[in-house]
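Per chain, numbering begins at 1; letters A, B, ... match sequence-line order.
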2 protein chains.
Amino acid sequence: MSASTKLSTSVKALCYLERAYPKPVSSSEIAAAIGINSSKLRMILSMLAKNGIVESNSGTTGGFKLKKQPSDIHLQEIYCAIEDRKAFHLDVRKDSIKKNSLPEKLNFYFLDLFAEVQENIEDKMKTISLESIIKKINNN
Amino acid sequence: MSASTKLSTSVKALCYLERAYPKPVSSSEIAAAIGINSSKLRMILSMLAKNGIVESNSGTTGGFKLKKQPSDIHLQEIYCAIEDRKAFHLDVRKDSIKKNSLPEKLNFYFLDLFAEVQENIEDKMKTISLESIIKKINNN
DNA sequence: TTATTTGTTACGGTAAGTGTAACAAATTAT
DNA sequence: ATAATTTGTTACACTTACCGTAACAAATAA
């Protein structure tokens, strides 16, 4: 699952949970509402649960519900919870490239550059809370 | 071919051309030096040629050479020449999503957000010239 | 004990990315 | 003119990633 898909799916689910709060909601219900398979959604929600963003409970009265206030949940936090890899990942073909060659040095250069870009993106995401998204959406 | 691969390959080739300047170099020679297939490289270089970054000539004495000064070639320019799509592209599954629903609104929200991020990245790339990359590489 | 829900794994189908080959068109050398 | 070289482009097999779905053990409540 791609990073952007995971991120948007997460926010859709979290918005749904915010509306239902404090009632817990099952993955099936959320999945049907946002148009995704419930297994895939559970995969995402379980990661959010491990990172303390949502609470999950098994059983008849189980389901998911928000564990933090929307104003305290930021995009960067969500992103880190669901994705270990970076959004940008450079091709570093160590095969067929000589040590200390120009191509290798350029690979390192782009590795650094993309890491920097990645940091910029994460900084931006830190400034966006779930609450701000919900407010913006409601004004449309 | 992914955007990051195209970009790094382009810069590798351009650095090679800068070193050989003003002698034209064949795609085979560059391809061997940077470890890529010559057909794929020609695909990239032809796009750079269409955008006035390099000059291409057929025939025995043909090949590629820089058409602009390294200080006048910027990453953003290269990126635009080789890639029409954006680096980030959101999943907008219009199927199974109702009109004016929360998920649809959130899709639009992320579409806007990612477009903004994209602009930030391009702004950053505008500040990086081929010359600055070459200087940085040579100091390592 | 039964029913419900999470958490996780697996699998087939589809799309994207990679590496290579091939060949027409253009240009130069002989 | 003819041959050789190089670009520009297309095609193809192979691999990898992605997407949608199903399945089932573990946990929990009725």
Notebook entry, point to check: Can B:Lys23 and B:Lys65 be said to form a side chain to side chain contact (heavy atoms under 4.5 Å, CB included), step by step?
Noted result: CA-CA 7 Å; B:Lys23 200 184 126 229; B:Lys65 72 175 178 182; over 6 Å; no
Note to self: When the axes are fitted on five pairs at both termini, how much does the helix from C:dT1-D:dA30 to C:dT30-D:dA1 curve, in 10° steps?
What the structure shows: 0°
Next item on the list: Please report, rounded to the nearest Å, how far the P atom of C:dG17 is from the CG atom of B:Asn37.
Entry: 17 Å
Next item on the list: Kindly check if the number of other-residue, nucleotide or ligand heavy atoms within 6.0 Å of CG (B:Asp123) is above 12?
Entry: yes
Checklist line | Base versus backbone protein contacts along nucleotides 3-9 of chain D [heavy-atom cut-off under 4.0 Å; B, S, -] | finding: --BBBBB
Next item on the list: Apply the test side chain to side chain contact (heavy atoms under 4.5 Å, CB included) to residues A:Ile133 and A:Leu75: give CA-CA distance (whole Å), side-chain angles for both, the deciding distance (0.1 Å), then the verdict.
Entry: CA-CA 10 Å; A:Ile133 296 177; A:Leu75 277 192; 4.0 Å; yes
Item checked: Side chain to side chain, A:Gln76 and A:Cys80, heavy atoms closer than 4.5 Å -> yes
Notebook entry, point to check: Charged N to carboxylate O under 4.0 angstrom, B:Lys124 versus A:Glu116?
Noted result: yes
Check: Whole Å only: how far is the CE atom of B:Met1 from the C1' atom of D:dT15?
Finding: 16 Å
Check: Between atom CD1 in B:Ile34 and atom P in C:dT18, what is the gap in whole Å?
Finding: 14 Å
Notebook entry, point to check: More than 12 foreign heavy atoms under 6.0 Å from CG of B:Asn138: is that the case here?
Noted result: yes
Next item on the list: Would you give the length of the straight line joining atom CE of A:Met43 to atom CG of A:Asn37, rounded to the nearest 0.5 angstrom?
Entry: 8.5 Å
Item checked: Trace of the side chain to side chain contact (heavy atoms under 4.5 Å, CB included) decision for A:Cys15 with A:Ile134 -> CA-CA 7 Å; A:Cys15 284; A:Ile134 291 171; 3.9 Å; yes
